[in-house]
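Worksheet: the structure to be examined is printed underneath.
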Amino acid sequence: MEKTYTPESIEQRWYPAWEQSGCFAPSGQGRPYTILLPPPNVTGTLHMGHAFQHTLMDCLIRVHRMKGCDTLWQVGVDHAGIATEMVVTRQIEAAGGKRDDFTRDEFIDRVWQWKHESGSTITAQMRRLGASADWSRERFTMDDDLSEAVLETFVRLHEQGLIYRGPRLVNWDPVLQTAISDLEVVNQDEQGKLWSIRYPRSDGNGDVVVATTRPETLLGDVCVAVHPDDERYRDLVGKTVQLPLTGREIPIVADEYVDPEFGTGCVKITPAHDFNDWEVGARHGFDPINIFTPTASINDNAPEAYRGLDRFEARDRVIADLTELGLLVEEKPHAMVVPRGDRSGQIIEPFLTDQWFVRMDELGRLGLAAVESGKVEFVPGNWINTYRHWMENLQDWCISRQLWWGHRIPAWYDADGRVYVGRSVNEVREFHGLGADVALEQDPDVLETWFSSALWAHSTLGWPDPERMEHEGFERYLPTSVLVTGFDIIFFWVARMIMMTGHFTGRVPFEQVYITGLIRDRDGQKMSKSKGNVLDPIDLIDGIDLDALVEKRTSALMQPQMKAKIEAHTRDEFPDGIPAFGADALRFTFAALAGHGRDIKFDLSRCEGYRNFINKLWNASRFVLMNLGDAVVDRSATTDADVISRWIRSRLNRAISEVDRALADYRFDLAAGALYEFVWHEFCDWYLELAKPALADDADPAVAASTKRTLAEVLDAILRLLHPMIPFVTEEIWQQLKPSLDIETDFLARASWPEADAIDETAEADTEWLQAIILAVRSARTELQLAPGKPMPLLIQQATGEDRERLTRFDALIRRLARLERIEQVGDERDSGDCAVQLAGSMRLLIPLAGLVDIGEERARLEKQLERELKGLEQAEKKLANERFVANAPDAVVAKERTRLAEHQRKTEELKTQLERLRQL
RNA sequence: GGGCGAUUAGCUCAGUUGGUUAGAGCGCUGUCUUGACAUGGCAGAGGUCACUAGUUCAAAUCUAGUAUCGCCCACCA
């Protein structure tokens, strides 16, 4: 083995070996354990959020595989309608073409071509990360069988009356020219303006003033509304006003919707362009007047002067004209909420179109019940509130999109516009008795991506085809065990899966949902391309130099003016670029940071620290392997006489229990922490150091054999425990270790998970005693600035019988680790005035100074210790002096406090006495 | 407007049902090239647990309120 761990030299090797050996396929044996990968976009590349979540999923999968479960990680990619269509459109434009030059079929061919080119990018990256998925079952949401599931779902929901088509006000993206769902609209706080406009009364008796943030929609106003109880306007209800610029006369109506406190208390009502106004208009029986084309330009329903203007030009023109007419009362800045499309970033228009909807009342109740009943459990549990709130306020789901890329809606229209839904045009003709002479045209729209994603759990398991369900293990793997995902898709995906899988299979898609935090940058900012603070997980694995990183972050920016700022910030945060940490270090970092209920600030220094940890493991393994040599370890060697080995085994058992408990609760951070602590601070810092004398030439052969066995077995267990988090390096080391243990299993990836054995209290007590004495000597040595390597004697007073026995037993170990030339037990008559005194348990440890040290320094040291003891003493005394504490606290707590008090008293006395002796010198 | 979360060492975070002198990593200080490892060893310094009031023998932990920050949801033109 090399002296230093170098990830690049080992990580490439193991993945193909695992994959080719079929390590990742379900075994068909044992309890099923299944995780669904939230399918990433086919056009996408792996980002930090993926890498984080995939690491956690892979940990869970690998642990359960090692525990003997029938483990299935179902992976795949999503066709991602709008996102993919935008990417391909941009490619066409970048090549100097225009999307309009393509027919629908040509465009779709082009997208498929891109899918074939880029579809494997992200899966290749997942392999670099070590994701142990069963790639033979990889699916794409537009595969034939998954498309069949979509078709079947649509038709059945339609038959059940849960899908309907109709004219509704929807969120319309005028640039992409498609409807989008409520969820795809992000409401942003922006600074806008509020205009007050005068509407003259038809009877000439003055006017009313309305306030609006959208003056251009005035052209589609149907009435003005006031609150029914508003005294100011009571007499006006039923009267009419002249709608400026249009020549139309519109009535004044009374409606509770109006807030009399806001503005003038008069509201213009534009049903075709505002969701609230739609409701108001409907209540009062007005037909909406749509003034926009699909690109949000003014259409022919408006006066000629405005036709053809886009919505922003129209606004300017309307304001100018109103000003000229003297009808503009006021214009003032106004903080408002602007709806924007989450993909395009464009301002969304409420727009009247025919769309397909899924009725959500019944499905919503089903989805709510699945969670309320505990069949689906959120981790952390408080996410149930978010889920419940949304489910209780569901709106019907707009599923049609005016796009080309996606599942085509299985509906056909005849010449009269009658609609027929069916699995195919032939089925439609047959069912409805439509002859070949009746022309049928398929609905041009496609279904939104989340419609097919919602079926992911059961469609990937073969639904609705009974044969495929049998083959894919539908019975066995559904419900899946846990879904690992971010809170941002609880509504988009989690809720809809629960509803769809529930509705069609009567099962829940997963038993638990583990909601992860968001990966943010060092400063807590969300990572985004436009901010230029994105980290690429592959760059953390392979490393990247500063210039390349800057180039990557500043190329193809939407806002080129950000370039200088991004570059400066990047050069500040990564002055030396990013070193190659390797996939294992990145994975361990993710695990260690994965606490509950909070986002994660990704700090490179953590990654570096865990890379160092792996290096530590690497070198500890080198040490073990070096000492084991070529021989097979004697696994019958007894550890009875080897307290130190019994101790590390006992500590290992504790670590195993802790890791098991942590992982059961999805506390990857605690599991990682427990392993870090055990490996570094117990195994390396103590056991390996204590093993050195035990393996020396002059050591007891029985203890040497026991030590060798324990070194090998504990390292083996460590590698198994760490494997789910750091699979590559553990496999590499384990392959070298396994001959020593004569293990037949081919890969660590399918070796068994360690089981915790009994705790050895005796061995732990002995070793703690040993550690205390060594630490005491080391500490005194450093504080008195004695040469660390200089051998010195240690005198011991007031040893109990147990102390004496242990001193004899551990003499060599203490001398070696505390670097002492000899240990001598002396009586109380030995004056300690010339010694440094350290207290350990009941013992006084004397280090003869022989003028090596300034007495003043020793006195200062003792006074510092005395101060601490006095503080503890005071606290204990105070507690015990409190009668109510003694009366009410549990006996064990009181007894503990008494022991503590006695200990502080004794130590305080010792220190005082010793200080007195020094003073007398 | 409603909901959720956070506030603990210079930084990033643990702290399980209330019970030692509140822990870790990184950083910092001192020291050591000891045959596994300087991506290291050893030893240290560093905290009024945001604030206030309560409950309790006992509060970082429970309750109420305050402040600051973050996120989600919501139709105020």
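Residue numbers start from 1 in every chain, and the chains themselves are labelled A, B, ... in the order their sequence lines are given, proteins ahead of strands.
Closest contact between the side chain of A:H904 and the listed nucleotides B:G70, B:U21, B:C26 involves B:U21. In this structure, the nucleotide among B:U39, B:C72, B:C57 sitting nearest to the side chain of A:T4 is B:U39. Here B:G5 is the nucleotide among B:G5, B:C26, B:A36 with the atom lying nearest to any side-chain atom of A:N382.
Counting any heavy atom pair closer than 4.0 Å across all strands shown, A:L670 reaches sugar-phosphate atoms only and no base atom. Within 4.0 Å (heavy atoms only), A:D259 reaches at least one base atom of the nucleic acid. Contact annotation for A:A887: no contact, since no heavy-atom pair falls under 4.0 Å across all strands. Within 4.0 Å (heavy atoms only), A:R661 reaches no atom of the nucleic acid at all. Among the atoms of the strands shown, only primed sugar atoms or phosphate atoms (P, OP1, OP2) are found under 4.0 Å from some heavy atom of A:Q875. Nucleic acid contact for A:V886: none, since no nucleic acid atom lies under 4.0 Å from a heavy atom of the residue. In this structure, A:C266 reaches neither bases nor backbone, as no heavy-atom distance under 4.0 Å exists between it and the strands shown. Counting any heavy atom pair closer than 4.0 Å across all strands shown, A:K3 reaches sugar-phosphate atoms only and no base atom. Contacts of A:T212 with the nucleic acid, taken as non-hydrogen atoms under 4.0 Å apart, involve only primed sugar atoms and P, OP1 or OP2. Base engagement by A:F262 is indicated by at least one non-hydrogen atom pair under 4.0 Å involving a base atom.
Within the shown strands, B:C32 is the pairing partner of B:G40 under the Watson-Crick or G-U definition, both distances less than 3.5 Å. Remark: B:C4 base-pairs with B:G70; criterion is Watson-Crick or G-U wobble with both hydrogen-bond distances under 3.5 Å. Within the shown strands, B:C62 is the pairing partner of B:G54 under the Watson-Crick or G-U definition, both distances less than 3.5 Å. Searching all strands for a Watson-Crick or G-U wobble partner of B:C49 with both distances below 3.5 Å returns nothing. Across all strands shown, B:A22 remains unpaired; no Watson-Crick or G-U wobble contact has both distances below 3.5 Å.
Of the possible donor and acceptor atoms, none in the side chain of A:E190 sits under 3.5 Å from a partner among the backbone N and O of A:A335. Counting only distance, with no hydrogens or angles, the side chain of A:T212 and the backbone of A:R214 share a donor-acceptor pair below 3.5 Å.
Close to B:A74, at under 4.0 Å from its OP1 or OP2, lies no side-chain N or O of A:N393. Side-chain nitrogen and oxygen atoms of A:R861 include none within less than 4.0 Å of the OP1 or OP2 phosphate oxygen of B:A43. Of the side-chain N and O atoms in A:H681, one or more sit less than 4.0 angstrom from OP1 or OP2 of B:G25. One finds a side-chain N or O of A:S779 lying less than 4.0 angstrom from the OP1 or OP2 phosphate oxygen of B:G44. Taking only side-chain nitrogens and oxygens, A:W680 comes nearer than 4.0 Å to OP1 or OP2 of B:G41. Of the side-chain N and O atoms in A:R778, one or more sit less than 4.0 angstrom from OP1 or OP2 of B:A43. Within the structure, every side-chain polar atom (N or O) of A:N276 is placed at least 4.0 Å from both OP1 and OP2 of B:C75.
Mapping A:W383 and A:T782 onto RNA chain B via the closest heavy atom, the residue that lands nearer the 5' end is A:W383. Nucleotides of RNA chain B nearest to A:D685 and A:V267 differ in position, and the one nearer the 5' end is that of A:D685.
Looking at A:R611, its side chain comes within 3.5 Å of the base of B:U39 through a donor and an acceptor atom. Counting atom types as modelled, A:K692 pairs a side-chain N or O with a base atom of B:A36 as donor and acceptor under 3.5 Å. In terms of polar N and O atoms assigned as donor or acceptor, the side chain of A:E677 never comes within less than 3.5 Å of the base of B:A14 in a complementary pairing. One donor-acceptor pair, N or O on each side, does fall under 3.5 Å between the base of B:C37 and the side chain of A:K616.
When the P atom is used for both B:U56 and B:A45, the distance is 38 Å, rounded to whole Å.
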Walk me through it: do A:S740 and A:K708 pass the test side chain to side chain donor-acceptor pair (under 3.5 Å)?
CA-CA 10 Å; A:S740 305; A:K708 279 192 181 181; over 6 Å; no
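A salt bridge links A:D230 to A:R232: one of the charged nitrogens lies within less than 4.0 Å of a carboxylate oxygen.
For the residue pair A:E608 and A:S605, no side-chain donor N or O sits within less than 3.5 Å of a side-chain acceptor on the partner.
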